[in-house]
Amino acid sequence: MPLEQNYSALSIQVLGGLDPVRRRPGMYTDTAYPNHLVQEVVDNSVDEALAGFATHIHVAVHEDGLVEVEDDGRGMPVDIHPDHDISGVELILTRLHAGSKFSNRHYEFAGGLHGVGVSVVNALSNSLETRVKRNGKIYRQLYENGYPSTTLEVVGKVNKRETGTYIAFRPNTEHFEHDRVNLARLKHILKAKAILCPGLTVTLAQPKGMLGDPSPETWKFEEGIDGYLRQFSNEECVPSEPFSHQSQKNGHAVDWAVTWNLGEDDLITESYVNLIPTRQGGTHVLGLRSGLTDALREFCEFHNLLPRNLKLTPEDVWDRCSYVLSAKTKEPQFSGQTKERLSSRDCGTYINGTAKDAFSIWLSENPDYGKQIAENTIANAQHRIQSSKKTKRKKIASGPALPGKLADCSTQDIDQSELFLVEGDSAGGSAKQARDREFQAVLPLRGKIKNTWEMASSEILDSQTVRDISLAIGVEPDSKDLSKLRYGKICILADADSDGSHIATLLCALFFRHFKALIDHNHLFIALPPLYRIDIGKNKHYAMNDKERDSLLNQLTQENSRSRPIVQRFKGLGEMTPLQLRETSMSVETRHLHKLMIDEFAQTHDIMDKLLAKKRAPDRKVWLTEYGDQVISKMFDQAEVHSD
């Protein structure tokens with residue numbers, strides 16, 4: 001079908017109501033199975049349990065695809081909203097970004113924060129029924145394809161003390177790859193909810209013939225995650241009783257249990273935020289890992305356990321570690337609506353400090369276990385070093401010379417070598433002094449890189465900057481041949497402000513569009529330098545953004561009221577001293593380095609096209625209007641990011 005010649009303001013569409021969800025369901029939910037729809041409804045019930053208003057959640061899955069979720073919480077509001085002139089029930093079910101969790105007045109900790117969860121369920125269901133028990137009455141309303149087919153009406157009476165919400169929905173199978181709920185996954189999620197919320201009773205009823213036993217299954221745990229992880233402990237676990245800890249302060253709470261399984265059994269690695277499973281981890285997992293590593297390093301140094309010149313990395317400590325981590329925070333930031341990865345830096349910072357202090361005390365009280373863990377960690381580090389010597393980095397023997405501004409590394413081990421791409425000579429000079437010359441190379445880039453999103457791969461080498469990058473990494477544009485690749489990690493290191501984010505986005509577009517093989521084989525990373533340095537007394541701290549700065553200042557002020565914190569804002573990488581740049585962005589031991597992976601190609605392509613294509617300016621305007629206040633967290637939502 002030929003494109004229309006006439007392009008005017010009339011060509012612009014503004015999707016209203018739940019239409020954006022139906023048009024792009026993958027932006028709002030996992031479209032493999034309808035499981036995420038069930039989880040969205042269950043999460044609302046769990047939020048009631050977290051707030052102390054619900055003790056029972058009942059889920060039923062039927063052979064015809066119908067799903068029922070019922071809780072004994074406060075029940076959705078049934079009164080008329082003064083501004084929208086519809087009931088609270090209808091507002092929640094038919095409007096995106098409508099909810100009561102944007103403030104902390106009704107929920108201290110909650111998983112549903114964006115106000116889109118249950119409305120997405122309604123949008124992607126053929127039918128939905130809700131019943132609410134409040135004020136001694138039972139209210140009922142029906143929906144079809146996201147639209148109300150009846151008004152909210154009273155259909156019965158109950159005891160005034162009896163409250164709760166019931167939702168039954170039948171997913172529209174045209175939006176999902178599989179038309180049935182994956183019961184194995186659902187059972188795991190529901191069991192986890194009961195484990196993470198001691199005293200909560202969760203029941204699952206399933207039809208006969210599905211997953212064997214048709215009788216309802218009920219989970220209720222009083223011991224929490226410590227007892228849960230203990231079920232998997234054996235004689236090869238160190239310690240035999242998991243090391244566990246609970247803490248709550250300044251709007252954050254954390255509960256974890258860890259043990260090191262030195263045998264061949266499978267590891268338990270589960271993390272949650274506000275009882276929502278974070279399959280891809282995030283800053284809370286990174287904080288726990290870093291805190292444990294820092295404490296074990298100090299223990300090894302105190303007991304003189306480390307061989308000379310051996311440095312322990314978080315990977316050495318984390319190997320063979322089984323853990324269950326449950327974090328709660330008032331304002332969690334997730335990467336994507338499916339909430340599988342936490343990106344809140346303040347939560348990670350809190351857990352890091354808490355884990356280091358708690359594990360340090362535990363190690364001093366249990367030195368025998370500490371030495372066993374240290375011996376295993378040291379063995380991992382020695383094995384890592386031995387393995388790294390087996391692969392040699394390829395050097396260019398013929399062809400064009402390497403870029404003149406490239407400060408190359410000396411190692412010939414591809415797996416260990418890293419290339420940092422930095423903007424400008426000033427930042428490049430600091431990075432060259434901050435690097436470890438053995439395995440880190442630095443390539444300063446000339447000015448702001450071109451937007452290559454709509455350029456052909458045959459044209460991009462006209463840019464000197466792009467040509468320098470291609471020569472340095474040893475890979476040609478649009479090539480799948482990585483046989484001449486010169487670095488195992490290609491790291492984008494840009495300023496922490498909005499200009500740096502712009503440059504990082506343009507570089508990501510270059511690699512996604514023209515060097516996609518590097519992403520497919522896990523070679524592309526983003527380094528996260530801090531925006532602020534905070535000095536208080538003899539101690540120094542770094543914050544990545546304004547929110548983390550404020551949280552850290554509040555924490556430091558409470559802990560040390562006598563000293564006044566001094567805050568320094570970095571204008572760019574070139575303003576940082578080499579020592580500061582090394583310890584915050586380049587040192588393997590202390591940096592924050594994130595790996596970029598493509599989770600859903602179509603979604604990633606769409607969001608990048610929306611950000612960078614000239615023809616998508618109208619879509620970009622609509623997108624910015626809706627998500628402009630979340631631009632930093634939304635930037636890489638469709639790219640899977642893993643902590644290094």
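The chain is numbered in sequence order, starting from 1.
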Chi angles and distances behind the side chain to side chain donor-acceptor pair (under 3.5 Å) call for Ser483, Asp481: CA-CA 6 Å; Ser483 62; Asp481 181 12; 2.8 Å; yes
Intermediate values then yes/no, salt bridge (charged side-chain N to carboxylate O under 4.0 Å, His left out), Arg486 and Asp408: CA-CA 10 Å; Arg486 305 185 67 249; Asp408 210 351; 2.7 Å; yes
Audit row: Ser430, Leu573, side chain to side chain contact (heavy atoms under 4.5 Å, CB included) steps and yes/no: CA-CA 7 Å; Ser430 294; Leu573 299 177; 5.9 Å; no
Stepwise side chain to side chain contact (heavy atoms under 4.5 Å, CB included) test for Val285 and Trp318: CA-CA 11 Å; Val285 177; Trp318 210 235; 4.0 Å; yes
Full working for side chain to side chain contact (heavy atoms under 4.5 Å, CB included) between Asp550 and Asn554: CA-CA 6 Å; Asp550 295 341; Asn554 181 48; over 6 Å; no
Test log, rule side chain to side chain donor-acceptor pair (under 3.5 Å), inputs Tyr532 and Asn545: CA-CA 7 Å; Tyr532 296 98; Asn545 48 47; over 6 Å; no
Side chain to side chain contact (heavy atoms under 4.5 Å, CB included) evaluation trace for Lys516 with Ile598: CA-CA 10 Å; Lys516 184 171 172 292; Ile598 300 172; 3.8 Å; yes
Side chain to side chain donor-acceptor pair (under 3.5 Å) between Gln39 and Asn35, worked out: CA-CA 6 Å; Gln39 188 176 320; Asn35 281 56; over 6 Å; no
Worked verdict on Thr278 versus His284 for side chain to side chain donor-acceptor pair (under 3.5 Å): CA-CA 10 Å; Thr278 46; His284 56 320; 2.9 Å; yes
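Closest approach of Thr411 to Phe439, counting heavy atoms only: CG2-CA, 3.6 Å. In terms of heavy-atom proximity, Leu312 sits nearest to Arg297 at O-NH2, 2.8 Å. The minimum heavy-atom distance between Ile534 and Val567, with the atom names listed, is CG1-CG2, 4.2 Å. Pro529 and Ala494 make their closest contact through CG-O, 3.1 Å (heavy atoms, listed as atom of the first residue, atom of the second, distance). Among all heavy-atom pairs drawn from Asp346 and Ser551, the shortest one is CB-OG, 3.9 Å. Heavy atoms only, all atoms of each residue included: Asp606 and Arg616 are closest at OD1-NH2, 3.6 Å.
Distance check, rounded to the nearest 0.5 Å: CG of Asp294 to OG of Ser360 gives 8.5 Å. The structure places CG of Asn522 at 4.5 Å from NZ of Lys595, a figure rounded to the nearest 0.5 Å. Of the inter-residue distances, the one linking Leu510 atom CG with Ile449 atom CD1 reads 4.5 Å to the nearest 0.5 angstrom. Ile526 contributes atom CD1, which lies 7.5 Å from atom OG1 of Thr505 (distance to the nearest 0.5 angstrom). A distance of 8.0 Å separates CZ in Phe525 from CD in Glu418, rounded to the nearest 0.5 Å. The line from CZ of Phe511 to OG1 of Thr452 is 9.5 Å long, rounded to the nearest 0.5 Å.
Contact check on Glu459 versus Lys450 returns no salt bridge, with no Lys/Arg side-chain nitrogen under 4.0 Å from an Asp/Glu carboxylate oxygen. Residues Lys621 and Asp619 are not paired through a salt bridge, judged by the lack of any N-O separation under 4.0 Å between the basic side chain and the carboxylate. A salt bridge does not link Glu583 to Arg591: none of the charged side-chain nitrogens sits closer than 4.0 Å to a carboxylate oxygen. A salt bridge is defined here as a Lys NZ or Arg NE, NH1 or NH2 lying under 4.0 Å from an Asp or Glu carboxylate O, and Glu315 with Arg289 meets this definition. Note on Lys405 versus Asp425: salt bridge recorded, some NZ/NE/NH1/NH2 to OD/OE distance being below 4.0 Å. Remark: Asp609 does not engage Arg620 in a salt bridge, criterion side-chain N to carboxylate O under 4.0 Å.
Between Cys491 and Ser585 there is no side-chain heavy-atom pair separated by less than 4.5 Å. Using a 4.5 Å cut-off on side-chain heavy atoms (C-beta onward), Trp256 and Ser326 make no contact. At least one side-chain heavy atom of Lys547 sits less than 4.5 Å from a side-chain heavy atom of Gln333. No side-chain heavy atom of Phe570 sits under 4.5 Å from any side-chain heavy atom of Asp495. Inter-residue side-chain proximity for Ser470 and Val475 is flagged as unmet; no heavy-atom pair is nearer than 4.5 Å. Taking 4.5 Å as the limit, every side-chain heavy atom of Asp43 sits out of range of all side-chain heavy atoms of Asn274. The shortest distance between side-chain heavy atoms of Leu443 and Phe420 does not fall below 4.5 Å. Looking at His592 and Met544, their side chains come closer than 4.5 Å, going by heavy atoms from C-beta outward.
In Ile566, the CD1 atom is not crowded: 12 or fewer heavy atoms of neighbouring residues, nucleotides or ligands sit closer than 6.0 Å. Heavy atoms of other residues, nucleotides or ligands lying less than 6.0 angstrom from NZ of Lys249 number more than 12. Around the CD atom of Glu476, the shell of radius 6.0 Å holds no more than 12 heavy atoms that belong to other residues, nucleotides or ligands.
Using modelled atom types, no side-chain atom of Arg533 and backbone atom of Tyr542 make a donor-acceptor pair closer than 3.5 Å. Side-chain atoms of Asn451 never come within 3.5 Å of backbone atoms of Leu506 as a donor-acceptor pair (strictly under, hydrogens ignored). The backbone N or O of Thr577 sits less than 3.5 Å from a side-chain atom of Gln580, completing a donor-acceptor pair. Asp468 places no side-chain N or O within 3.5 Å of a backbone atom of Thr465 that could act as its donor or acceptor partner. Checking side-chain atoms of His523 against main-chain N and O of Ile519 turns up no donor-acceptor pair under 3.5 Å. When atom types are taken as modelled, the side chain of Thr283 and the backbone of Ser344 share a donor-acceptor pair closer than 3.5 angstrom.
By the side chain to side chain contact (heavy atoms under 4.5 Å, CB included) test, Arg435 pairs with Ala407, Lys432, Arg437, Gln440, Val442, Met586, sequence neighbours left out.
For the 3.5 Å distance criterion, the side chains of Thr329 and Tyr350 fail to qualify, holding no donor opposite an acceptor.
When ring centroids are compared, His605 and Trp453 come within the 6.0 Å threshold.
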